[in-house]
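What follows is a single structure, written as structure tokens, with notes after it.
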Amino acid sequence: MSNPIIDQAYRRRTVLKTMLASGALPLLSSGVFSSALAADNRFAGRTLNLLIIQPHVITGKKIAEDFEKLTGAKVNVTAVPYDQVSVKATLDFQSGAGEFDVIDYFYTYKGQLAEDGVIEDVTDLIEKDKAEIQPDDFIQTIYDQYTLHDGRRYGLPYDGDSHLLFYNKELFDRYGLKPPTTWDEYNENAKVITDAESRNGIYGAAVLGAKIPVIILSTYANRLTGFGGNFLKADGTSALDSTEAVEALKSLLASAPHALPTPLETRFEEGLPAFLSGKAAQIDFWTDLGGYAQDPKGSKIVDKWGVTRIPVGGANKTPRLAFNAGFGFAITSGSKNKDVAWELIKLATSKDYHEQLLTLTGSGIDPDRHSGLNSEKFKAFQPLVQPLLADGALENSLAWPTAVYAPKLENALTDELALALAGTKNAEQAIADAHKAWTNIIEANG
């Protein structure tokens, strides 16, 4: 499926490459690479295969170009939909093909990938290269949630995904609306704008509700954390048997009639262009949206948008973000080029390179390092977003389950949320059934 935003980003890269060829822009900025990665063509003649999610395709191509220029190694980039990367990597390992050397893994799958032997334990490599990697610079919660399994680390963080609520100031001003602080206010705003503008193809919200865990669970997680709920209790059992879990789904269902038709068919690919074209007045989305929104090459709402924290609901008065999606880079166990793969991972996740990706429109990269989050370049690139992340919000975000059986939990909850959005079940029944399924999965794997 063609994505106008991705296409725009490709065009932007073509312009950049033209500038590079003319000497107008350096490919590798000074100070980006450590001495251990000094350009010396020492990997000339070697080839790596990088498996990356589609929203990261811009960064994948940049990494391939930069790494080849730096080391001489050729990097082939394979981009797949964000819900298919773990399956593809597992099949590659189980078949013995060993096609991929580095994978861009969804953090909630780290336990399963590690236990299945798909990805390498890199704990000792991190310790050996600690001075280079600077692990203390990673936001600790992200570092642990994304890489730690049974006391060992299986990769390095690459994309510190979380959501904020973005809104169209022009539409809000037209109807005298204010940025919502509660999910009730969000739904009220959505209704006002949809009632007035739907005949013009404009809706009060874009609700990402497609039946894909990374999509619909992100949307639900924003409401769950907004109402003060959690996925799991301190003892690791299901926390879905709570009023907050039910009220979060009720709030989501209440937004559906006033959203871009239809939430069950709205993914990243539909929600993003709808907001950027002014067709959706609100969207809870990954924080890099601020970069997209200010790029006149792909946005019709430059200087016409605002951003705020994820709203609260019920008795909860404390806003809290959720780690929605989030990716790390890992070496595959089937790689025949593990030494080169590790050097690529160190480059892609390094302090200075992370800052570059944070300030590249279309990269899809959100902060996972303190240095990137607090850098002057990022503050200038994302002046509205940066303050909402820089006050400890990321350290205290709600993480999804990451145990070996986490994918089973995600699939069970995804099914129930989709049934509720389809009108087959009410919120109480859907959450009760999800809690029962989670309890059975956890007990069976405990």
Side-chain angles (χ1 to χ4, degrees), residues 83 86 105-116 141-142 144-146 148-151 161-163 183 208-254 284 310 312-316 318-326 396-422 424-446:
D83 59 325
S86 294
Y105 67 91
F106 182 19
Y107 82 94
T108 67
Y109 280 57
K110 67 177 181 182
Q112 183 185 71
L113 291 169
E115 291 293 327
D116 287 348
T141 308
I142 291 178
D144 289 346
Q145 292 292 342
Y146 284 33
L148 198 60
H149 174 69
D150 279 353
D161 283 334
S162 58
H163 280 193
W183 283 111
L208 306 188
K211 191 182 174 182
I212 302 168
V214 74
I215 298 299
I216 195 170
L217 290 191
S218 293
T219 298
Y220 178 68
N222 291 336
R223 287 146 182 84
L224 180 63
T225 192
F227 278 84
N230 289 288
F231 285 115
L232 299 173
K233 297 175 183 176
D235 62 1
T237 60
S238 171
L240 297 181
D241 60 339
S242 66
T243 300
E244 292 82 5
V246 174
E247 292 303 312
L249 181 52
K250 284 183 177 180
S251 180
L252 172 56
L253 298 182
D284 38 310
I310 293 299
V312 298
N316 183 42
T318 305
R320 185 186 184 197
L321 304 185
F323 286 137
N324 294 330
N396 298 304
S397 294
L398 172 67
W400 297 16
T402 61
V404 176
Y405 48 83
K408 294 180 181 179
L409 299 180
E410 290 178 14
N411 289 333
L413 182 53
T414 293
D415 288 345
E416 295 301 330
L417 296 177
L419 288 171
L421 267 180
T424 305
K425 294 184 179 183
N426 61 30
E428 289 87 352
Q429 189 62 57
I431 293 300
D433 289 346
H435 171 65
K436 181 179 179 180
W438 276 35
T439 299
N440 291 338
I441 292 167
I442 293 169
E443 289 180 352
N445 292 273

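A quick note: this is a predicted structure, and the numbers were derived from the prediction, not measured.
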## Note on the structure
Rounded to the nearest 0.5 angstrom, the OH-OG1 distance for Tyr146 and Thr402 is 11.5 Å
### Query
Do the non-hydrogen side-chain atoms of Thr318 and Val312 ever get within less than 4.5 Å of each other?
no
### Message
Quick one, Leu113 and His149 - any side-chain contact, counting heavy atoms below 4.5 Å?
### Response
no
### Query
For the side chain of Thr414 and the backbone of Glu410, is there at least one donor-acceptor N/O pair under 3.5 Å apart?
yes
### Query
Can you tell me if Ser86 and Gln112 form a side-chain donor-acceptor pair at under 3.5 Å?
no
### Task
Would you confirm whether Trp438, through its side chain, and Leu409, through its main-chain N or O, come within 3.5 Å as a donor-acceptor pair?
yes
### Task
Sort out for me which residue in Lys233, His435, Lys436 forms a side-chain contact (heavy atoms from CB on, under 4.5 Å) with Ser238.
His435
### Message
Evaluate Leu232 against Leu240 for side chain to side chain contact (heavy atoms under 4.5 Å, CB included), listing each step before the verdict.
### Response
CA-CA 7 Å; Leu232 299 173; Leu240 297 181; over 6 Å; no
#### Entry: Side-chain donor/acceptor of Lys110 to backbone N/O of Leu148, under 3.5 Å
yes
### Summary
What one should report as the nearest heavy-atom pair of Ala245 and Leu224 is CA-CD1, 3.7 Å
### Query
With a 3.5 Å cut-off and no angle check, do the side chains of Asn324 and Asp161 form a donor-acceptor pair?
no
### Task
Verify whether the ring centers belonging to Trp400 and Tyr109 lie closer than 6.0 Å.
no
### Inter-residue atom distance Leu413.CG - Ile431.CD1, 0.5 Å rounding
6.0 Å
### Task
Assess whether side chain to side chain contact (heavy atoms under 4.5 Å, CB included) is satisfied between Leu398 and Leu321, documenting all intermediate values.
CA-CA 6 Å; Leu398 172 67; Leu321 304 185; over 6 Å; no
## Note on the structure
Rounded to the nearest 0.5 Å, the CG atom of Leu421 sits from the CD1 atom of Ile216 at a distance of 5.0 Å
### Query
Strictly by modelled atom types, are Arg320 and Asn230 linked by a side-chain donor-acceptor pair under 3.5 Å?
yes
### Message
To check you understand the geometry: which heavy-atom pair defines the closest contact between Ala221 and Phe231, and what is its length?
### Response
CB-CZ, 3.9 Å
### Task
Show your reasoning for whether side chain to side chain contact (heavy atoms under 4.5 Å, CB included) applies to Glu428 and Lys250.
CA-CA 8 Å; Glu428 289 87 352; Lys250 284 183 177 180; 2.9 Å; yes
### Salt bridge Glu247-Arg223, side-chain N to carboxylate O under 4.0 Å
no
### Query
Is there a donor-acceptor pair under 3.5 Å between the side chain of Tyr405 and the backbone N or O of Gly111?
no
### Query
What are the two closest non-hydrogen atoms of Phe227 and Ser251, and how far apart are they?
CE1-CB, 3.8 Å
### Shortest non-hydrogen contact between Ala430 and Ala420, atoms and distance
CB-CB, 4.0 Å
### Message
Tell me the closest heavy-atom pair linking Ala325 and Phe106, and the distance in Å.
### Response
CA-CE1, 3.2 Å
### Query
Between atom CD1 of Ile215 and atom CG of Asp83, what is the distance when rounded to the nearest 0.5 Å?
8.5 Å
### Query
With no hydrogens and no angle check, is any side-chain donor or acceptor of Ser242 less than 3.5 Å from a backbone partner on Ala239?
yes
### Query
Between Trp183 and Gly313, what is the shortest heavy-atom contact and its length?
CD1-N, 4.4 Å
### Worked verdict on Ile310 versus Asp284 for side chain to side chain contact (heavy atoms under 4.5 Å, CB included)
CA-CA 7 Å; Ile310 293 299; Asp284 38 310; 4.1 Å; yes
### Query
What do you reckon, is NZ of Lys425 surrounded by more than 12 foreign heavy atoms closer than 6.0 Å?
yes
## Note on the structure
dist Ile212:CD1 -> Asn411:CG (nearest 0.5 Å) comes out at 11.5 Å
### Query
How many angstroms lie between OG1 in Thr439 and CG in Asp241, if you round to the nearest 0.5 Å?
7.0 Å
